[in-house]
Amino acid sequence: MAIPRFSSLLRCRKWAKSDWLVASIGCVLIVFFLSFFFDPTSDSIPSVDRSLPISDLVKLQLSSIAKERGAFCLDGSLPGYHIHEGSGSGSKSWLVHLEGGGWCNTIASCSARAMTKLGSSNYFEQEVAFQGVLSSDPSQNPEFFNWNKVAIRYCDGASFAGHPEAEFKNGTRLFFRGQLIWEAIIDELLSMGMSNAERAILTGCSAGGLASLIHCDYFRDHLPKSAAVKCVSDGGFFLNVLNVLGNPTMRSFYHDVVNLQGVGKSLDQKCVAKIEPSKCMFPHEFLKYIKTPVFLVNPAYDFWQIQNVLVPPSADPDKTWAKCRLNIKECDAAQMKVLHGFRSSLMDAIGEFHQNKDGGMFIDSCFAHCQTVMSVTWHSPTSPRIENKTIAESVGDWYFNRKPVKLIDCPYPCNPSCYNLNFT
């Protein structure tokens, strides 16, 4: 994910043609510069923290079969992943995490992205820290610490769902191969032992959280029928809501992503048969068709959606939302009413899923986005809690069928355990 205050620049879609040259150069410089700094608000995998135990620093592996499959990042480089081998009782259990990082919806934004770690493995870190749900420390990850854990890097810009048929043949060297990346790496993991899995979870954060829903049944179908397979989407329940000026920012954006990268072929075909394909990028439209059990982790006051969907900079020309969109504590009463309305839209959107007996959810009232990939929000003494349960404990109770988990927080600011981010 781009740093939020710059994300609208990277996604702008209504500029005059004369602006595109300057804009595309600016996008490239901004993304290239920002890609070398760790962003604490990012939904990408954390960079190396030398204070962590060495076992949690996991080396990059480029896919060994991607080239023969034609599975390439946006710039044509090979995709990759990080894998930490399981042990003991977890040796036949697999947790596969899909990295997040937004999307690109134009040639200019995809070209800029191709010069960063979200579009090219040339910029991937050689080691990343496995934290939160990926941690091998039982105090941080009590349920899944000894599982085989894989973090698949995100370098296609369409939630691992683009298709090469959509690539431009006019000299533009961009590869829309997200679906091929997904299939190649899953096949590689199957050959490494995942084909014998007894337990498995597909998870992801943000754009990766959306991808974990898009590919959930595929994941289930390629594992043993006897395996307990479920999916956990973190910060991936994006809403089809109007921004504060009444414009469909996210709907228009997804329309462009789907058309540019040929994503429709990867979306749920029952959904696509009934409505316009790009609408099937919104989980509330296709969640009902997923056969595999799903758990939703989502903040009701998702800062990414507030900053990019509800109040993108283009919808706030007079800057009245400038402080509020960066720090929920700075919102006035009228602005909080709008944010509570956003929460209500989320409640309406998950209403049908709430009745799903196999589904689970942890919907807190925090000003946050991804919460499973950081130990401080996944499972720690200061983690967000609902009914005195951390996210890790809640996902564990649901996955192991200890109890139904349908946890929905009361409206902000009722939960003192929230880890509310402040961008000011």
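Numbers here simply count residues along the sequence, with the first being 1.
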Side chain proximity check, [X] to [Y], heavy atoms < 4.5 angstrom:
| X | Y | result |
| --- | --- | --- |
| L242 | N247 | no |
| F237 | L210 | no |
| C271 | I275 | yes |
| Y412 | L339 | no |
| N298 | I350 | no |
| E198 | S93 | no |
| Y154 | P79 | no |
| V96 | M194 | yes |

Hey, mind stepping through V294 and V232 against side-chain contact (heavy atoms from CB on, under 4.5 Å) and telling me if it holds? CA-CA 6 Å; V294 167; V232 178; over 6 Å; no
Taking the side chain from [X] and the backbone from [Y], do they hold a donor-acceptor pair closer than 3.5 Å?
| X | Y | result |
| --- | --- | --- |
| R343 | A300 | no |
| S109 | N105 | yes |
| E276 | S278 | yes |
| S417 | P384 | no |
| N308 | W304 | yes |
| Q335 | R325 | no |
| E188 | S64 | yes |
| S195 | L190 | yes |

Can you give me the closest heavy-atom contact between [X] and [Y], atom names plus distance?
| X | Y | value |
| --- | --- | --- |
| A114 | L74 | CB-CB, 4.0 Å |
| I290 | C216 | CG2-SG, 3.9 Å |
| C73 | S121 | SG-N, 4.0 Å |
| A211 | L98 | CB-CD1, 3.7 Å |
| D268 | F286 | CB-CB, 4.1 Å |
| H82 | V58 | ND1-O, 3.0 Å |

Ring centroids only, cut at 6.0 angstrom: are [X] and [Y] within range, meaning strictly under it?
| X | Y | result |
| --- | --- | --- |
| Y399 | F295 | no |
| F282 | Y254 | yes |
| Y419 | F367 | no |
| Y218 | W182 | yes |

Side chains of [X] and [Y], donor plus acceptor under 3.5 Å:
| X | Y | value |
| --- | --- | --- |
| D217 | T292 | yes |
| S89 | N146 | yes |
| D256 | S252 | no |
| S375 | Q140 | yes |
| D137 | S135 | no |
| Q179 | S266 | yes |

Ion pair [X]/[Y], N-O distance below 4.0 Å:
| X | Y | result |
| --- | --- | --- |
| D187 | R69 | yes |
| R177 | E167 | yes |
| E125 | K117 | yes |
| E127 | K59 | no |

On the six-membered ring of W398, is K230 placed so that its NZ or CZ lies under 6.0 angstrom from the centre and within 45° of the ring axis?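 Yes; both conditions hold, so K230 lies above the ring face of W398.
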Full working for side chain to side chain donor-acceptor pair (under 3.5 Å) between S159 and W103: CA-CA 7 Å; S159 287; W103 310 265; 2.8 Å; yes
Can you name the one residue among D364, N420, L346, L421 that meets side-chain contact (heavy atoms from CB on, under 4.5 Å) with P299?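 Of D364, N420, L346, L421, side-chain contact (heavy atoms from CB on, under 4.5 Å) with P299 is met by D364 alone.
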Are T249 and N243 close enough, and set up right, to give a side chain to side chain donor-acceptor pair (under 3.5 Å), and what steps lead you there? CA-CA 6 Å; T249 301; N243 66 29; 2.8 Å; yes
Crowded around E352 CD? As in, over 12 foreign heavy atoms under 6.0 Å?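 For E352, atom CD is not crowded (no more than 12 foreign heavy atoms under 6.0 Å).
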Taking the six-membered ring for Trp, are F400 and F144 parallel (under 30°), tilted (30 to 60°) or perpendicular (over 60°)?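 Geometry flag for F144 against F400: parallel rings.
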Run N141 and Q131 through side chain to side chain donor-acceptor pair (under 3.5 Å) and show every step you take. CA-CA 8 Å; N141 192 19; Q131 301 179 39; over 6 Å; no
